[in-house]
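To start, the structure under review is shown below, and the notes come after it.
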Amino acid sequence: MPLKPFLSDEAMRDNIRPAVFVDRADAGHRLAQRLMAMRWRAPVVVLALPRGGVPVATEVASALGAALDLLLVRKIGAPWNPELALAALVDGDPPEIVLNDELSDLAGADRSHIEAEALRARSELERRRSVYLHGRAPLGVQGATVIVVDDGIATGTTMRAALRALRRRRPGRLVLAVPVAPAAVLEALRAEADDVVCLRAPDDFDAVGEHYLDFRQVDDGDVTAALAKAGSGSKERNDA
């Protein structure tokens with residue numbers, strides 16, 4: 001059983017909310033338990049948004065006995081805050097830009113900014129495809145139950161882009177599964193998926209990392225190791 005977050009006396013006095021998840025693996029384990037209680041039509045493919053979504057998705061894929069793959073998406077940030085996603089570029093042929101018009105207008109981002117950042121994002125997508133997948137083509141998802149997993153959602157721009165791109169690949173059922181997301185954003189994303197599974201959807205949401213005790217950065221080595229382990233597990237199940 002995961003350890004409960006410790007809340008100090010000082011934090012209690014200041015009315016600071018405790019984290020909900022110990023780390024991404026804990027969040028993935030809890031998410032997997034929720035998903036296992038539901039019925040999914042085979043085959044099931046779990047797609048992780050790297051890098052932070054990979055440790056979460058690894059737990060989900062292992063629990064469901066499902067194949068694990070990546071969905072490469074790169075957010076395009078605001079000029080004054082790169083972490084605020086104004087748009088997202090989804091890997092494909094060709095890659096697709098999905099724009100958050102409202103945020104773009106509020107941030108004062110013009111077309112030239114979006115296009116320049118999209119070029120940088122495309123370069124990073126190509127690098128990640130080479131490093132993580134070694135040129136391997138994505139797993140086929142047509143007709144499959146596809147569960148898209150990340151470690152959390154903030155603005156929803158990246159996830160919306162991912163879901164819209166996947167819908168064009170004609171999955172049998174498209175499922176969004178995350179440990180935490182703002183209630184309003186989650187509600188808006190329901191139109192993009194057939195099912196939405198989220199463990200925590202607060203109204204007063206500041207950042208994904210606030211809901212984790214350990215929210216350290218996931219690096220390229222962590223991603224490749226997780227994919228290698230998942231591939232070995234799939235082979236062992238197929239050979240059994």
Side-chain angles (χ1 to χ4, degrees), residues 1-38 46-64 68 70-71 73-75 77-78 81-86 88 100 103 147-163 175-193 195-220 222-223 225-226:
M1 178 179 296
L3 296 174
K4 292 183 178 179
F6 172 74
L7 188 62
S8 67
D9 291 339
E10 181 181 357
M12 292 178 67
R13 286 195 302 269
D14 293 340
N15 197 28
I16 298 176
R17 292 177 300 171
V20 176
F21 307 109
V22 175
D23 54 19
R24 291 180 178 88
D26 173 42
H29 174 74
R30 298 193 197 191
L31 191 59
Q33 296 304 307
R34 177 75 63 85
L35 290 164
M36 287 174 66
M38 305 169 72
V46 176
L47 296 181
L49 270 64
R51 295 188 284 254
V54 174
V56 183
T58 299
E59 297 292 328
V60 171
S62 177
L64 297 180
L68 174 65
L70 301 181
L71 182 61
V73 185
R74 189 71 177 168
K75 67 184 175 185
N81 183 2
E83 294 303 311
L84 178 62
L86 304 180
N100 186 323
L103 279 181
I147 304 177
V148 184
V149 178
D150 204 353
D151 54 9
I153 298 174
T155 67
T157 300
T158 302
M159 184 58 74
R160 182 178 296 106
L163 294 172
V175 183
L176 166 61
V178 291
V180 61
V185 171
L186 197 67
E187 188 61 31
L189 287 172
R190 291 186 186 278
E192 309 291 346
D195 294 284
V196 175
V197 179
C198 182
L199 303 181
R200 181 172 174 80
D203 292 316
D204 54 337
F205 186 96
D206 292 319
V208 172
E210 289 186 351
H211 300 269
Y212 289 83
L213 281 177
D214 180 354
F215 199 64
R216 71 187 68 182
Q217 183 175 347
V218 178
D219 61 27
D220 288 346
D222 296 325
V223 173

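What you are looking at is a predicted structure, and each value in this text was computed from that prediction instead of being measured.
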So, do V185 and F205 sit near enough that their side-chain heavy atoms are less than 4.5 Å apart?
-> no
Looking only at heavy atoms, what is the nearest atom pair of D150 and P179, with distance?
-> O-CD, 3.1 Å
Using the test side-chain contact (heavy atoms from CB on, under 4.5 Å), find all partners of R34 that sit at least two apart in sequence or belong to another chain.
-> V197, L199
Flag, side chain of S62 to backbone of T58, donor-acceptor distance under 3.5 Å = no
Counting distance only, does the side-chain N/O of R24 pair as donor-acceptor with the main-chain N or O of R216 below 3.5 Å?
-> yes
Measure the CZ-CD1 distance between R160 and I153 for me, rounded to the nearest 0.5 Å.
-> 9.5 Å
Any side-chain heavy-atom pair from V20 and V180 closer than 4.5 angstrom?
-> no
Residue pair E59 / A25: nearest heavy atoms and the distance that separates them | CG-O, 3.5 Å
Shortest non-hydrogen contact from L68 to A48?
-> CD1-CB, 4.4 Å
Shortest non-hydrogen separation from A154 to V208 and the atoms involved | N-CG2, 4.3 Å
Can you list the residues that meet the side-chain contact (heavy atoms from CB on, under 4.5 Å) rule with D220, with sequence neighbours excluded?
-> R51, R127, V131, Y132
So, do L186 and V196 sit near enough that their side-chain heavy atoms are less than 4.5 Å apart?
-> yes
Work out which heavy atom in G52 is nearest to a heavy atom in D151; give both atom names and the distance.
-> CA-OD2, 3.3 Å
Min side-chain heavy-atom separation M159-V178 under 4.5 Å = yes
To the nearest 0.5 angstrom, please state how far the CG atom of L31 sits from the CZ atom of R200.
-> 15.0 Å
side-chain contact (heavy atoms from CB on, under 4.5 Å) partners of T158, counting only residues at least two apart | L49, V73, K75, A85, A88
Side chains of L64 and I147: closer than 4.5 Å at any heavy-atom pair?
-> yes
What pair of heavy atoms forms the shortest contact from V218 to P55, and how long is it?
-> CG2-CG, 4.0 Å
